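See below for the structure under consideration.
Predicted model only: the values in this text are computed from it and were never measured. In what follows, every chain begins at residue 1, and chains take the letters A, B, ... in the order their sequences are listed.
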Number of protein chains: 2
Amino acid sequence: MSTYEKTCLIRGDGGRAIRGILDRIGDKWTLLVVATLHGERQRFTELQQHIPGISQRMLTLTLRHLERDGLVGRTVFAEVPPRVEYELTPMGRTLIEPAVTLAEWAVEHNPDIEANHQAYDTRQG
Amino acid sequence: MSTYEKTCLIRGDGGRAIRGILDRIGDKWTLLVVATLHGERQRFTELQQHIPGISQRMLTLTLRHLERDGLVGRTVFAEVPPRVEYELTPMGRTLIEPAVTLAEWAVEHNPDIEANHQAYDTRQG
DNA sequence: CCGGATCCCCGTTGATACTG
DNA sequence: CAGTATCAACGGGGATCCGG
């Protein structure tokens, strides 16, 4: 694939494709939930414990969105007390790869970026 | 790299790495600007024309952030009328790859996701 | 245990008008 | 041409309370 074709993939249709995915995973918690859910189904409270700082409300909202996207499956057990388990769907698991690619870029270039911040802010005073 | 290590890359340090990059590129315009800037330096007005819907203000803000990150270079020509050109730095160009990976995922799975939306919304009524 | 409902804060975005 | 300044609207996200 040529470089031109690549940027077209991003910019195609006024950037609607890339905007769709960023609206989906670009929020504060989605990727963390997906990564946390990777490998093992988990209950609501387990998830909350594994994701420091997330509120009950935001975990609920994030899971609903992921469920609506078909990236996460939700199973309710008719028990007392109630039990609900969440797991990645097959499609949900495919999201791990691109997410990791991004995370790798972040880890690799973070020092450089922070150095640039320093330099930029110093120039501005 | 094992699957476990991959998710650690995402979740590492409470997800700070992935959050950093998402805060950077997860906004409305950044990736579009980067993709548009790919391959050729461009002037402010050119950029604005190539990115439908972006306001002067948001283009300015986005470029400033990218400049601060060291992803975009800015050159001012001492002319009348003023001329300012923007271009990707070498580091900025490395961002294209992971961005494309994400865009590919988006394009590939969008139909599936939209079908899931239909199904989900129908179930809810 | 799970999560819906409500209130509120604040950052982001856009519209508009103005300057070197 | 390439911005800056200001104001208003919107929506994400947290805290809290309540219900099944």
Hey, is the side chain of [X] poking within less than 4.0 Å of OP1 or OP2 on [N], counting only N and O atoms?
{"X": "A/Y86", "N": "C/dG3", "result": "yes"}
{"X": "B/T45", "N": "D/dA2", "result": "yes"}
{"X": "A/R64", "N": "C/dG4", "result": "yes"}

TODO: State whether A/E85 and A/R41 are salt-bridged, where the test is any N-O pair (Lys NZ or Arg NE/NH1/NH2 against Asp/Glu carboxylate O) under 4.0 Å.
DONE: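 Salt bridge: yes.
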Open item on the list: Any carboxylate oxygen within less than 4.0 angstrom of a Lys/Arg side-chain nitrogen, looking at B/R43 and B/E46?
Closed with: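 Answer for the salt bridge query: no.
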Open item on the list: Can you say whether a donor on the side chain of A/R57 sits under 3.5 Å from an acceptor on the base of C/dT6, or the other way round?
Closed with: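 Check passes, donor-acceptor contact within cut-off.
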What is the distance, rounded to the nearest whole Å, between atom [atom1] of [X] and atom [atom2] of [N]?
{"X": "B/M58", "N": "D/dA2", "atom1": "CE", "atom2": "C1'", "answer": "17 Å"}
{"X": "B/D23", "N": "C/dG11", "atom1": "CG", "atom2": "P", "answer": "13 Å"}
{"X": "A/L59", "N": "C/dG3", "atom1": "CG", "atom2": "P", "answer": "8 Å"}
{"X": "A/R74", "N": "C/dG3", "atom1": "CZ", "atom2": "C1'", "answer": "8 Å"}
{"X": "B/H65", "N": "C/dT13", "atom1": "NE2", "atom2": "C1'", "answer": "12 Å"}
{"X": "B/E67", "N": "D/dG3", "atom1": "CD", "atom2": "C1'", "answer": "13 Å"}
{"X": "A/D27", "N": "D/dG14", "atom1": "CG", "atom2": "C1'", "answer": "14 Å"}
{"X": "A/W29", "N": "D/dG12", "atom1": "CH2", "atom2": "C1'", "answer": "12 Å"}

TODO: Tell me which nucleotide among D/dG3, C/dG14, C/dG3 gets nearest to the side chain of B/Q56.
DONE: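 Nucleotide nearest to B/Q56's side chain: D/dG3.
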Open item on the list: By nearest atom, which of the nucleotides C/dG3, C/dC1, D/dC1 is closest to the A/F44 side chain?
Closed with: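 Of C/dG3, C/dC1, D/dC1, C/dG3 is nearest to the side chain of A/F44.
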- [ ] Return yes if some donor-acceptor pair links the side-chain N/O of B/R24 with the main-chain N/O of B/R19 below 3.5 Å, else return no.
- [x]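 Judged by distance alone, no pair lies under 3.5 Å.
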Open item on the list: Please check this pair: side chain of A/T101 against backbone of A/E97, looking for a donor-acceptor N/O pair closer than 3.5 Å.
Closed with: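 Pair found, side chain donor or acceptor close to backbone of A/E97.
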TODO: Could you say whether A/T60 or A/P81 is positioned toward the 5' end of DNA chain C, judged by the nucleotide with the nearest heavy atom to each?
DONE: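 Taking each residue's closest nucleotide, the earlier one in sequence belongs to A/P81.
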TODO: May I ask you to check whether over 12 heavy atoms, not counting those of A/Q118, lie within 6.0 Å of atom CD?
DONE: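 No.
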